[in-house]
Structure formats: C-alpha cells, structure tokens
A.B. asks: 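Got a structure for you, written out below as structure tokens; questions coming shortly.
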Amino acid sequence: MQTLIIINDPPYGTERLYNGLRLAHALLKREGDVTVFLMGDAVSGAKAGQKTPDGFYNAERMVKRVTTKGRVLLCGTCMDARGITEEEVVKGAERSTMDALAEATEQADKVLVF
C-alpha cells in the first residue's frame, strides 16, 4: 500500500502539518510506503535548526522521524519563494518538483491532503 500525504499549511499557527506528520508516523508503523510532500508554507517545517518552547511540538524533529522509514519531498518552487536552500533543510528531506508529485499521485493507493 502506497500512501501520499500532501501538506500545505505552515508548521506553526495551524495544526495541519502536525497532524499530517502524526498520521505519517502512525502509517509508517504498518506495512506500506509513505511519502509526504510539503508545499507552500509547509516547506519551512523541514528547515533545520528549529527551536521551540518546552512542551511544544517541533516540526523539524517530526519531519526527521518520517525520513527514517518514509520519504519527505519538498516543493522546490515553494522553497525558492521562501528563500530556503537545500543546505538548510533536514537531512533526508529532498527538494522535488510538481512532476514528481504528479508521479507520486499516480502511484499512490491513497492520497491525503492537509
């Protein structure tokens, strides 16, 4: 089973990125492949070096957890628009394209959008 999770919202301010990554973590415990595609403001969730208050979730750590068993793809155009370079993102997260998203969508058994 291949699952694609597309997340658009920023890492903080709404809980869509948080909940999308939580679902990705739960799915990775089961059999199957999980790909998370971050686009729009969600790409900043993969930025390295985030410091959050104690007791508050940290998007960077959550993205890293997904990269251990799944894939995290980042919209390259969205990264450019926000001034985020490949060197600034979490190790294991990959700069990607809309063509790669289209291919992942075609290959997925389930597509979920947050």
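Computed from heavy atoms alone, side chains included, the values below leave out hydrogens, waters and symmetry copies.
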A.B. asks: Taking the six-membered ring where the residue is Trp, are the ring centres of Tyr57 and Tyr12 under 6.0 Å apart?
C.D. replies: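 Yes.
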A.B. asks: Could you go through the side-chain contact (heavy atoms from CB on, under 4.5 Å) check for Met1 and Lys110 one step at a time?
C.D. replies: CA-CA 8 Å; Met1 175 78 67; Lys110 293 181 183 181; 4.2 Å; yes
A.B. asks: For residues 58-65, run the donor-acceptor check on the side chains, cut-off 3.5 Å, and write out each pair with its distance to 0.1 Å, sequence neighbours left out.
C.D. replies:
{"residue": "Asn58", "atom": "OD1", "partner": "Glu60", "partner atom": "N", "Å": "3.0"}
{"residue": "Asn58", "atom": "OD1", "partner": "Arg61", "partner atom": "N", "Å": "2.9"}
{"residue": "Asn58", "atom": "ND2", "partner": "Gln50", "partner atom": "O", "Å": "3.3"}
{"residue": "Asn58", "atom": "ND2", "partner": "Thr52", "partner atom": "OG1", "Å": "3.4"}
{"residue": "Glu60", "atom": "OE1", "partner": "Gly49", "partner atom": "N", "Å": "3.0"}
{"residue": "Glu60", "atom": "OE1", "partner": "Gln50", "partner atom": "N", "Å": "2.8"}
{"residue": "Glu60", "atom": "OE2", "partner": "Gly49", "partner atom": "N", "Å": "3.2"}
{"residue": "Glu60", "atom": "OE2", "partner": "Lys64", "partner atom": "NZ", "Å": "3.4"}
{"residue": "Arg65", "atom": "NH1", "partner": "His25", "partner atom": "ND1", "Å": "3.4"}

A.B. asks: I need the Glu15 CD to Arg22 CZ distance, nearest 0.5 Å.
C.D. replies: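 The CZ atom of Arg22 is 8.5 Å from CD of Glu15, to the nearest 0.5 Å.
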A.B. asks: In Å and rounded to the nearest 0.5 Å, what is the CG to CG distance from Leu23 to Leu28?
C.D. replies: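 Result: 9.5 Å between the selected atoms.
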A.B. asks: Indicate, with yes or no, if Leu73 and Leu27 share a hydrophobic cluster defined by side-chain heavy-atom contacts under 4.5 Å among Ile, Leu, Val, Met, Phe, Trp and Tyr.
C.D. replies: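 The answer is no; the residues belong to distinct hydrophobic clusters.
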A.B. asks: Identify the two heavy atoms, one from Leu21 and one from Ile7, that lie closest to each other, and give their separation to 0.1 Å.
C.D. replies: N-CD1, 4.1 Å
A.B. asks: When you group the ILVMFWY residues by side-chain heavy-atom contacts below 4.5 Å and let the links chain together, are Leu101 and Val113 in the same group?
C.D. replies: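 As far as the 4.5 Å side-chain criterion goes, Leu101 and Val113 are connected within one cluster.
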A.B. asks: Quick check: does any side chain N or O of Asp9 sit under 3.5 Å from a backbone N or O of Leu17, one acting as donor and the other as acceptor?
C.D. replies: no
A.B. asks: Given side-chain contact (heavy atoms from CB on, under 4.5 Å), test Leu4 with Arg71 step by step and report yes or no.
C.D. replies: CA-CA 10 Å; Leu4 170 63; Arg71 293 180 69 198; over 6 Å; no
A.B. asks: Give, for atom CG of Asp109 and atom OG1 of Thr3, the distance between the pair rounded to the nearest 0.5 Å.
C.D. replies: 7.0 Å
A.B. asks: Verify whether one side chain among Asn19 and Arg16 offers a donor that lies under 3.5 Å from an acceptor in the other.
C.D. replies: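 No.
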A.B. asks: Indicate every side-chain donor-acceptor pair of residues 33-44 with a distance under 3.5 Å to a residue at least two apart or in another chain.
C.D. replies:
{"residue": "Asp41", "atom": "OD1", "partner": "Arg82", "partner atom": "NE", "Å": "2.8"}
{"residue": "Asp41", "atom": "OD1", "partner": "Arg82", "partner atom": "NH2", "Å": "3.1"}
{"residue": "Ser44", "atom": "OG", "partner": "Asp41", "partner atom": "O", "Å": "2.8"}

A.B. asks: For Phe114, what residues pass the ring-ring contact (aromatic ring centres under 6.0 Å, His included) criterion, not counting sequence neighbours?
C.D. replies: none
A.B. asks: Under the side-chain contact (heavy atoms from CB on, under 4.5 Å) criterion, do Met79 and Glu86 qualify, and how do the steps go?
C.D. replies: CA-CA 8 Å; Met79 288 174 63; Glu86 291 180 64; 4.3 Å; yes
A.B. asks: Taking Thr85's backbone N and O only, do any of them form a donor-acceptor pair with Glu88's side chain (distance below 3.5 Å, no angle check)?
C.D. replies: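 Yes: the side chain of Glu88 pairs with the backbone of Thr85.
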